[in-house]
Amino acid sequence: MLCGPRHLLWLCLPLLLAGTSGQLGASRPGAGAEEEDSGRGWPGVRGLREQLREATALSKRYLSLLSCRIWPGKCEEDAAASAQSQGWSLPLLGQQYLDILTTWYCTFQDCCDSGDCRISNNFSGLEADLKGRLHGQHLAGELVLRTVRGYLELPRPDKALVLSFHGWSGTGKNFVARMLAENLYRDGLNSDCVQVFIATLHFPHPKYVDLYKEKLADQIRKTQERCRQTLFIFDEAEKLHPGLLEALRPYLERQAPEARRANSRKTIILFLSNLGGKVVNEVVLNLLKAGWSREEITIEHLEPHLQAEIVASTDSGFGNSCMVKENLIDFFVPFLPLEYRHVRLCARDAFLGQELLYTEEALDEIAKMMTYVPKEEQLFSSQGCKSISQRINYFLP
Ligand SMILES: *[C@@H]1O[C@H](CO)[C@@H](O)[C@H](O)[C@H]1NC(C)=O
(Lines give C-alpha, C1' and ligand atoms only; values in the text may rest on other atoms or scores of the structure.)
Protein backbone atom coordinates (compact mmCIF):
# COMPACT_ATOMS: atom_id res chain seq x y z
CA MET A 1 0.00 0.00 0.00
CA LEU A 2 2.75 2.37 1.04
CA CYS A 3 4.63 1.69 -2.13
CA GLY A 4 1.91 2.86 -4.49
CA PRO A 5 1.60 6.48 -3.53
CA ARG A 6 5.31 6.80 -2.98
CA HIS A 7 6.03 5.70 -6.54
CA LEU A 8 3.36 7.96 -7.83
CA LEU A 9 5.01 10.81 -6.02
CA TRP A 10 8.38 10.08 -7.58
CA LEU A 11 6.83 9.98 -11.02
CA CYS A 12 4.66 13.01 -10.72
CA LEU A 13 6.85 15.33 -8.79
CA PRO A 14 9.17 16.35 -11.62
CA LEU A 15 6.17 16.89 -13.89
CA LEU A 16 4.43 18.97 -11.31
CA LEU A 17 7.52 21.00 -10.78
CA ALA A 18 8.71 21.35 -14.34
CA GLY A 19 5.97 23.86 -14.94
CA THR A 20 6.92 25.89 -11.92
CA SER A 21 10.68 25.82 -11.91
CA GLY A 22 10.94 28.96 -13.97
CA GLN A 23 9.04 30.88 -11.38
CA LEU A 24 10.96 29.50 -8.50
CA GLY A 25 13.69 32.04 -8.47
CA ALA A 26 15.89 30.26 -11.03
CA SER A 27 15.03 32.20 -14.17
CA ARG A 28 18.05 33.12 -16.26
CA PRO A 29 17.18 35.98 -18.58
CA GLY A 30 20.37 35.73 -20.65
CA ALA A 31 20.11 32.01 -21.32
CA GLY A 32 18.14 32.10 -24.59
CA ALA A 33 20.46 34.60 -26.29
CA GLU A 34 23.53 32.65 -25.26
CA GLU A 35 22.26 29.50 -26.98
CA GLU A 36 21.67 31.19 -30.30
CA ASP A 37 25.10 32.79 -30.17
CA SER A 38 26.85 29.54 -29.55
CA GLY A 39 25.22 28.08 -32.67
CA ARG A 40 25.99 24.63 -31.43
CA GLY A 41 23.43 21.78 -31.53
CA TRP A 42 19.75 22.51 -31.97
CA PRO A 43 18.60 25.79 -30.58
CA GLY A 44 16.50 25.30 -27.52
CA VAL A 45 17.77 21.82 -26.70
CA ARG A 46 20.32 23.11 -24.29
CA GLY A 47 17.75 25.31 -22.68
CA LEU A 48 15.45 22.37 -22.29
CA ARG A 49 18.21 20.28 -20.78
CA GLU A 50 19.02 23.06 -18.33
CA GLN A 51 15.39 23.36 -17.40
CA LEU A 52 15.10 19.66 -16.80
CA ARG A 53 18.20 19.66 -14.68
CA GLU A 54 16.80 22.49 -12.64
CA ALA A 55 13.47 20.83 -12.27
CA THR A 56 15.13 17.62 -11.11
CA ALA A 57 17.30 19.44 -8.63
CA LEU A 58 14.27 21.26 -7.36
CA SER A 59 12.18 18.16 -7.11
CA LYS A 60 14.87 16.34 -5.18
CA ARG A 61 14.95 19.20 -2.76
CA TYR A 62 11.18 19.22 -2.55
CA LEU A 63 11.07 15.51 -2.04
CA SER A 64 13.51 15.75 0.83
CA LEU A 65 11.53 18.56 2.41
CA LEU A 66 8.32 16.69 1.82
CA SER A 67 9.61 13.41 3.21
CA CYS A 68 10.84 15.33 6.22
CA ARG A 69 7.29 16.41 6.79
CA ILE A 70 5.66 13.09 6.20
CA TRP A 71 8.08 10.37 7.24
CA PRO A 72 9.50 10.82 10.71
CA GLY A 73 13.18 10.08 11.21
CA LYS A 74 14.19 11.01 7.69
CA CYS A 75 15.28 14.53 8.44
CA GLU A 76 18.88 13.66 9.29
CA GLU A 77 19.67 13.03 5.63
CA ASP A 78 17.77 16.11 4.69
CA ALA A 79 19.95 18.30 6.85
CA ALA A 80 22.93 17.12 4.84
CA ALA A 81 21.06 17.69 1.61
CA SER A 82 20.17 21.22 2.54
CA ALA A 83 23.77 21.95 3.53
CA GLN A 84 24.78 20.79 0.06
CA SER A 85 22.42 23.05 -1.74
CA GLN A 86 23.56 26.06 0.20
CA GLY A 87 22.04 29.33 -0.79
CA TRP A 88 18.95 27.61 -2.10
CA SER A 89 16.33 28.95 0.20
CA LEU A 90 12.74 28.05 -0.26
CA PRO A 91 10.91 31.02 -1.72
CA LEU A 92 7.43 31.86 -0.66
CA LEU A 93 5.98 30.31 -3.76
CA GLY A 94 7.96 27.15 -3.04
CA GLN A 95 6.50 26.98 0.42
CA GLN A 96 3.04 27.09 -1.08
CA TYR A 97 3.84 24.33 -3.56
CA LEU A 98 5.18 22.27 -0.72
CA ASP A 99 1.92 22.75 1.13
CA ILE A 100 -0.05 21.77 -1.97
CA LEU A 101 2.14 18.71 -2.53
CA THR A 102 1.82 17.65 1.06
CA THR A 103 -1.94 17.94 0.92
CA TRP A 104 -2.02 16.09 -2.38
CA TYR A 105 0.17 13.31 -1.08
CA CYS A 106 -1.84 13.04 2.08
CA THR A 107 -5.00 12.29 0.14
CA PHE A 108 -3.49 8.85 -0.67
CA GLN A 109 -1.91 8.16 2.63
CA ASP A 110 -2.68 8.53 6.31
CA CYS A 111 -0.82 11.66 7.16
CA CYS A 112 -1.07 13.93 10.11
CA ASP A 113 -4.08 16.18 10.50
CA SER A 114 -1.91 19.25 10.28
CA GLY A 115 -0.44 18.09 6.95
CA ASP A 116 3.01 18.38 8.51
CA CYS A 117 3.89 15.55 10.85
CA ARG A 118 6.34 17.68 12.78
CA ILE A 119 3.40 19.79 13.98
CA SER A 120 1.10 17.95 16.38
CA ASN A 121 -1.03 20.72 17.95
CA ASN A 122 -2.42 18.41 20.59
CA PHE A 123 -4.70 20.80 22.47
CA SER A 124 -6.25 18.09 24.61
CA GLY A 125 -2.75 17.03 25.65
CA LEU A 126 -1.87 20.65 26.38
CA GLU A 127 -5.02 21.10 28.42
CA ALA A 128 -4.35 17.91 30.39
CA ASP A 129 -0.79 19.03 31.11
CA LEU A 130 -1.78 22.52 32.17
CA LYS A 131 -4.53 21.21 34.43
CA GLY A 132 -2.75 18.19 35.83
CA ARG A 133 0.96 18.95 36.00
CA LEU A 134 1.10 22.70 36.50
CA HIS A 135 0.28 23.50 40.12
CA GLY A 136 -1.15 26.70 41.55
CA GLN A 137 -1.31 28.57 38.24
CA HIS A 138 -4.97 28.70 37.31
CA LEU A 139 -4.54 32.07 35.57
CA ALA A 140 -1.50 31.18 33.48
CA GLY A 141 -2.99 27.79 32.60
CA GLU A 142 -6.27 29.22 31.30
CA LEU A 143 -4.71 32.17 29.54
CA VAL A 144 -2.08 30.12 27.73
CA LEU A 145 -4.53 27.47 26.57
CA ARG A 146 -7.11 29.98 25.39
CA THR A 147 -4.72 32.30 23.57
CA VAL A 148 -2.57 29.62 21.95
CA ARG A 149 -5.49 27.52 20.77
CA GLY A 150 -7.35 30.63 19.54
CA TYR A 151 -4.31 31.77 17.63
CA LEU A 152 -3.43 28.45 16.02
CA GLU A 153 -7.01 27.93 14.93
CA LEU A 154 -7.04 31.19 12.97
CA PRO A 155 -6.67 30.39 9.27
CA ARG A 156 -4.41 33.36 8.53
CA PRO A 157 -3.29 35.34 11.55
CA ASP A 158 -1.96 38.80 10.70
CA LYS A 159 0.84 38.77 13.26
CA ALA A 160 2.77 36.60 15.66
CA LEU A 161 1.28 35.71 19.04
CA VAL A 162 3.46 37.21 21.75
CA LEU A 163 3.09 36.07 25.34
CA SER A 164 5.23 37.36 28.16
CA PHE A 165 5.45 35.12 31.24
CA HIS A 166 6.19 36.84 34.55
CA GLY A 167 6.78 35.49 38.00
CA TRP A 168 9.29 34.31 40.52
CA SER A 169 11.70 31.55 39.70
CA GLY A 170 10.31 28.07 40.17
CA THR A 171 6.71 29.06 39.49
CA GLY A 172 6.46 27.17 36.21
CA LYS A 173 7.36 29.54 33.37
CA ASN A 174 9.88 27.19 31.78
CA PHE A 175 7.64 24.26 32.53
CA VAL A 176 4.76 25.79 30.55
CA ALA A 177 7.07 26.72 27.67
CA ARG A 178 8.17 23.07 27.52
CA MET A 179 4.57 21.84 27.67
CA LEU A 180 3.77 24.03 24.69
CA ALA A 181 6.71 22.71 22.70
CA GLU A 182 5.85 19.11 23.56
CA ASN A 183 2.18 19.34 22.73
CA LEU A 184 2.49 21.46 19.61
CA TYR A 185 5.46 19.61 18.05
CA ARG A 186 6.26 15.94 17.65
CA ASP A 187 9.87 16.47 18.74
CA GLY A 188 9.14 19.02 21.46
CA LEU A 189 12.02 21.37 22.22
CA ASN A 190 14.21 19.48 19.74
CA SER A 191 11.86 20.18 16.87
CA ASP A 192 13.37 22.11 13.98
CA CYS A 193 10.33 24.39 14.27
CA VAL A 194 11.23 25.43 17.83
CA GLN A 195 14.09 27.68 18.92
CA VAL A 196 15.11 28.48 22.48
CA PHE A 197 17.28 31.48 23.29
CA ILE A 198 18.73 32.09 26.73
CA ALA A 199 19.85 35.69 27.13
CA THR A 200 23.05 35.08 29.08
CA LEU A 201 24.01 32.06 27.00
CA HIS A 202 23.22 33.17 23.46
CA PHE A 203 23.71 36.92 23.77
CA PRO A 204 26.18 37.41 26.62
CA HIS A 205 28.13 40.51 25.53
CA PRO A 206 26.30 43.83 25.02
CA LYS A 207 29.06 45.09 22.72
CA TYR A 208 28.18 42.43 20.13
CA VAL A 209 24.53 43.35 20.00
CA ASP A 210 24.64 44.19 16.29
CA LEU A 211 26.11 40.82 15.48
CA TYR A 212 23.56 39.04 17.66
CA LYS A 213 20.79 40.98 16.02
CA GLU A 214 21.83 39.86 12.59
CA LYS A 215 22.20 36.23 13.67
CA LEU A 216 18.89 36.26 15.45
CA ALA A 217 17.03 37.68 12.46
CA ASP A 218 18.72 35.11 10.26
CA GLN A 219 17.79 32.24 12.55
CA ILE A 220 14.20 33.34 12.77
CA ARG A 221 13.95 33.64 9.01
CA LYS A 222 15.47 30.19 8.47
CA THR A 223 13.22 28.56 11.01
CA GLN A 224 10.20 30.13 9.37
CA GLU A 225 11.34 28.84 5.98
CA ARG A 226 11.50 25.33 7.36
CA CYS A 227 8.18 25.41 9.16
CA ARG A 228 4.95 27.22 8.67
CA GLN A 229 4.27 27.11 12.42
CA THR A 230 7.14 28.15 14.65
CA LEU A 231 7.77 28.68 18.35
CA PHE A 232 10.49 30.96 19.72
CA ILE A 233 11.27 30.98 23.44
CA PHE A 234 13.34 33.75 25.01
CA ASP A 235 14.44 32.83 28.52
CA GLU A 236 15.82 35.46 30.93
CA ALA A 237 14.06 38.07 28.82
CA GLU A 238 14.81 40.76 31.41
CA LYS A 239 18.45 40.48 30.33
CA LEU A 240 17.83 40.91 26.61
CA HIS A 241 19.30 44.02 25.07
CA PRO A 242 16.59 46.37 23.75
CA GLY A 243 18.42 46.54 20.43
CA LEU A 244 18.12 42.80 20.09
CA LEU A 245 14.40 43.00 20.54
CA GLU A 246 14.34 45.32 17.54
CA ALA A 247 15.20 42.31 15.39
CA LEU A 248 11.86 40.81 16.30
CA ARG A 249 9.81 43.80 15.40
CA PRO A 250 8.98 42.76 11.80
CA TYR A 251 7.28 39.65 13.17
CA LEU A 252 5.29 41.42 15.82
CA GLU A 253 3.67 44.09 13.73
CA ARG A 254 0.49 43.46 11.84
CA GLN A 255 0.88 42.60 8.19
CA ALA A 256 -1.09 44.12 5.40
CA PRO A 257 -3.82 41.82 4.03
CA GLU A 258 -1.95 41.26 0.72
CA ALA A 259 1.14 40.06 2.53
CA ARG A 260 -1.00 37.82 4.66
CA ARG A 261 -2.61 36.14 1.70
CA ALA A 262 0.77 35.06 0.43
CA ASN A 263 2.05 34.03 3.80
CA SER A 264 0.07 31.80 6.13
CA ARG A 265 2.80 31.37 8.71
CA LYS A 266 2.06 31.12 12.37
CA THR A 267 4.59 32.29 14.89
CA ILE A 268 4.42 32.13 18.67
CA ILE A 269 6.95 34.08 20.71
CA LEU A 270 7.35 33.56 24.45
CA PHE A 271 9.30 35.79 26.79
CA LEU A 272 10.14 34.37 30.19
CA SER A 273 11.30 36.70 32.94
CA ASN A 274 11.34 37.42 36.65
CA LEU A 275 10.25 41.00 35.99
CA GLY A 276 7.11 41.94 37.83
CA GLY A 277 7.34 38.88 40.07
CA LYS A 278 7.43 41.07 43.12
CA VAL A 279 4.32 43.02 42.22
CA VAL A 280 2.42 39.80 41.44
CA ASN A 281 3.36 38.47 44.85
CA GLU A 282 2.25 41.67 46.57
CA VAL A 283 -1.12 41.72 44.86
CA VAL A 284 -1.72 38.05 45.65
CA LEU A 285 -0.66 38.49 49.26
CA ASN A 286 -3.00 41.43 49.73
CA LEU A 287 -5.94 39.61 48.19
CA LEU A 288 -5.35 36.52 50.30
CA LYS A 289 -5.09 38.66 53.41
CA ALA A 290 -8.36 40.35 52.48
CA GLY A 291 -10.05 36.97 52.53
CA TRP A 292 -10.07 36.01 48.86
CA SER A 293 -9.29 32.47 47.92
CA ARG A 294 -6.46 31.96 45.50
CA GLU A 295 -8.73 30.58 42.79
CA GLU A 296 -10.93 33.68 42.94
CA ILE A 297 -8.06 35.87 41.80
CA THR A 298 -8.61 36.93 38.21
CA ILE A 299 -6.40 38.30 35.51
CA GLU A 300 -8.06 41.71 35.98
CA HIS A 301 -6.62 41.86 39.49
CA LEU A 302 -3.14 41.36 38.19
CA GLU A 303 -2.58 42.45 34.64
CA PRO A 304 -2.81 46.24 35.11
CA HIS A 305 -0.29 46.13 37.98
CA LEU A 306 1.98 43.81 36.08
CA GLN A 307 1.93 45.85 32.91
CA ALA A 308 2.53 49.11 34.78
CA GLU A 309 5.46 47.55 36.62
CA ILE A 310 7.08 46.32 33.44
CA VAL A 311 6.66 49.59 31.60
CA ALA A 312 8.19 51.34 34.62
CA SER A 313 11.17 48.99 34.84
CA THR A 314 13.28 51.04 32.47
CA ASP A 315 16.51 49.73 33.96
CA SER A 316 15.89 46.40 32.24
CA GLY A 317 16.30 46.13 28.49
CA PHE A 318 12.96 44.43 28.25
CA GLY A 319 10.96 47.13 30.01
CA ASN A 320 12.84 49.71 28.01
CA SER A 321 12.27 48.09 24.64
CA CYS A 322 10.02 49.43 21.93
CA MET A 323 8.13 46.18 22.16
CA VAL A 324 6.77 46.94 25.58
CA LYS A 325 6.37 50.64 24.91
CA GLU A 326 4.41 50.10 21.72
CA ASN A 327 2.17 47.39 23.11
CA LEU A 328 3.43 44.69 20.81
CA ILE A 329 3.00 42.07 23.51
CA ASP A 330 -0.40 40.44 23.34
CA PHE A 331 -0.64 39.14 26.90
CA PHE A 332 1.27 39.51 30.13
CA VAL A 333 0.85 36.15 31.84
CA PRO A 334 1.26 36.22 35.63
CA PHE A 335 2.68 33.21 37.47
CA LEU A 336 1.55 33.31 41.09
CA PRO A 337 3.84 32.57 44.03
CA LEU A 338 3.47 28.94 45.14
CA GLU A 339 2.27 27.85 48.55
CA TYR A 340 3.15 24.88 50.72
CA ARG A 341 0.42 22.65 49.23
CA HIS A 342 1.69 23.31 45.70
CA VAL A 343 5.23 22.40 46.63
CA ARG A 344 3.86 19.12 48.02
CA LEU A 345 2.20 18.42 44.68
CA CYS A 346 5.45 19.12 42.85
CA ALA A 347 7.20 16.66 45.17
CA ARG A 348 4.53 14.05 44.49
CA ASP A 349 4.95 14.52 40.73
CA ALA A 350 8.69 14.17 41.09
CA PHE A 351 8.29 10.78 42.82
CA LEU A 352 5.72 9.63 40.27
CA GLY A 353 7.89 10.85 37.41
CA GLN A 354 10.66 8.54 38.56
CA GLU A 355 8.18 5.74 39.28
CA LEU A 356 9.04 5.81 42.96
CA LEU A 357 6.78 5.18 45.92
CA TYR A 358 6.28 8.08 48.28
CA THR A 359 4.70 8.71 51.66
CA GLU A 360 2.69 11.72 52.78
CA GLU A 361 5.40 12.34 55.37
CA ALA A 362 8.10 12.49 52.71
CA LEU A 363 6.06 15.08 50.78
CA ASP A 364 5.77 17.18 53.95
CA GLU A 365 9.47 16.83 54.67
CA ILE A 366 10.35 18.05 51.20
CA ALA A 367 7.88 20.93 51.31
CA LYS A 368 9.33 21.98 54.67
CA MET A 369 12.82 22.20 53.19
CA MET A 370 11.83 25.26 51.19
CA THR A 371 12.02 28.79 52.58
CA TYR A 372 8.72 30.60 52.90
CA VAL A 373 8.19 34.35 52.72
CA PRO A 374 7.26 37.01 53.77
CA LYS A 375 8.78 36.61 57.21
CA GLU A 376 5.47 37.07 59.04
CA GLU A 377 3.03 35.12 56.93
CA GLN A 378 5.44 32.44 55.65
CA LEU A 379 3.06 31.87 52.80
CA PHE A 380 5.04 31.61 49.57
CA SER A 381 7.90 29.32 48.68
CA SER A 382 10.77 31.63 47.76
CA GLN A 383 12.09 29.09 45.24
CA GLY A 384 8.69 27.91 44.06
CA CYS A 385 9.06 24.30 42.98
CA LYS A 386 12.62 24.72 41.83
CA SER A 387 15.00 21.77 42.30
CA ILE A 388 12.30 19.66 43.94
CA SER A 389 13.32 16.69 41.82
CA GLN A 390 16.85 16.83 43.26
CA ARG A 391 15.49 17.04 46.78
CA ILE A 392 13.59 13.80 46.56
CA ASN A 393 16.94 12.03 46.42
CA TYR A 394 17.23 12.40 50.20
CA PHE A 395 14.18 10.26 50.65
CA LEU A 396 15.07 7.36 48.46
CA PRO A 397 15.38 4.03 50.22
C1 LIG B 1 -2.43 14.13 22.96
O2 LIG B 1 -1.85 14.08 24.23
C3 LIG B 1 -2.43 13.12 25.09
C4 LIG B 1 -1.81 13.30 26.45
O5 LIG B 1 -0.43 13.43 26.40
C6 LIG B 1 -2.19 11.74 24.51
O7 LIG B 1 -2.77 10.76 25.34
C8 LIG B 1 -2.80 11.68 23.14
O9 LIG B 1 -2.50 10.44 22.55
C10 LIG B 1 -2.28 12.81 22.27
N11 LIG B 1 -3.03 12.82 21.04
C12 LIG B 1 -2.43 12.80 19.88
C13 LIG B 1 -3.32 12.88 18.71
O14 LIG B 1 -1.21 12.75 19.77
Side-chain angles (χ1 to χ4, degrees), residues 1-2 5 65-76 78 98-99 101-155 157 161 163 165 171-196 223 226-233 264-268 270 272 333 335 342 345-358 385 388-389 392:
M1 264 319 278
L2 194 84
L65 284 165
L66 186 66
S67 68
C68 196
R69 283 187 171 196
I70 298 173
W71 297 294
K74 278 216 56 174
C75 295
E76 219 67 72
D78 302 326
L98 196 58
D99 287 344
L101 275 176
T102 309
T103 315
W104 173 76
Y105 179 79
C106 289
T107 55
F108 298 106
Q109 178 84 22
D110 275 344
C111 279
C112 311
D113 290 342
S114 60
D116 180 341
C117 294
R118 297 169 303 175
I119 299 170
S120 50
N121 289 356
N122 184 350
F123 296 120
S124 54
L126 180 62
E127 185 167 10
D129 276 352
L130 289 169
K131 290 203 169 133
R133 294 168 61 211
L134 176 70
H135 302 301
Q137 303 299 356
H138 66 291
L139 291 180
E142 278 165 27
L143 195 57
V144 166
L145 182 65
R146 180 162 54 80
T147 54
V148 168
R149 177 190 274 168
Y151 177 75
L152 293 179
E153 284 175 354
L154 288 175
L161 173 69
L163 302 179
F165 293 180
T171 50
K173 303 184 297 289
N174 279 287
F175 196 37
V176 171
R178 180 145 37 96
M179 283 177 185
L180 280 171
E182 284 171 357
N183 286 292
L184 302 183
Y185 300 94
R186 182 190 64 205
D187 302 323
L189 288 171
N190 295 324
S191 172
D192 50 4
C193 310
V194 179
Q195 294 271 325
V196 181
T223 310
R226 282 199 298 265
C227 293
R228 61 169 178 221
Q229 178 190 305
T230 48
L231 171 65
F232 299 99
I233 301 169
S264 60
R265 298 216 175 100
K266 294 177 184 174
T267 307
I268 299 178
L270 305 180
L272 280 48
V333 183
F335 282 71
H342 304 123
L345 290 172
C346 294
R348 186 204 58 186
D349 287 356
F351 278 108
L352 293 175
Q354 297 187 29
E355 298 184 352
L356 296 166
L357 294 172
Y358 63 90
C385 275
I388 288 289
S389 53
I392 70 170

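One-based numbering, in listed order, for ligands and for the atoms of each. Just so we're clear, the structure is a prediction, and the values are computed from it rather than from any experiment.
- Looking at Asp192 and Arg118, a side-chain N of the basic residue comes within less than 4.0 Å of a carboxylate O on the acidic one, giving a salt bridge.
- Listed by chain and residue number, the protein contacts of ligand 1 are Asn122, Gly125 (heavy atom within 4.0 angstrom).
- Here the side chains of Phe165 and Thr171 are not in contact, with every heavy-atom distance at 4.5 Å or above.
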### Task
Go through Asn121 and Gln229 one step at a time and tell me if the side-chain hydrogen bond (donor to acceptor under 3.5 Å, both in side chains) criterion holds.
CA-CA 10 Å; Asn121 289 356; Gln229 178 190 305; 2.9 Å; yes

#### Entry: Chi angles and distances behind the side chain to side chain contact (heavy atoms under 4.5 Å, CB included) call for Ile392, Tyr358
CA-CA 9 Å; Ile392 70 170; Tyr358 63 90; over 6 Å; no

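- A salt bridge (charged side-chain N to carboxylate O under 4.0 Å, His left out) check over residues 171-180, counting only residues at least two apart or in different chains, returns nothing.
- Here the OG1 atom belonging to Thr230 is positioned 11.5 Å from the NZ atom belonging to Lys266, to the nearest 0.5 angstrom.
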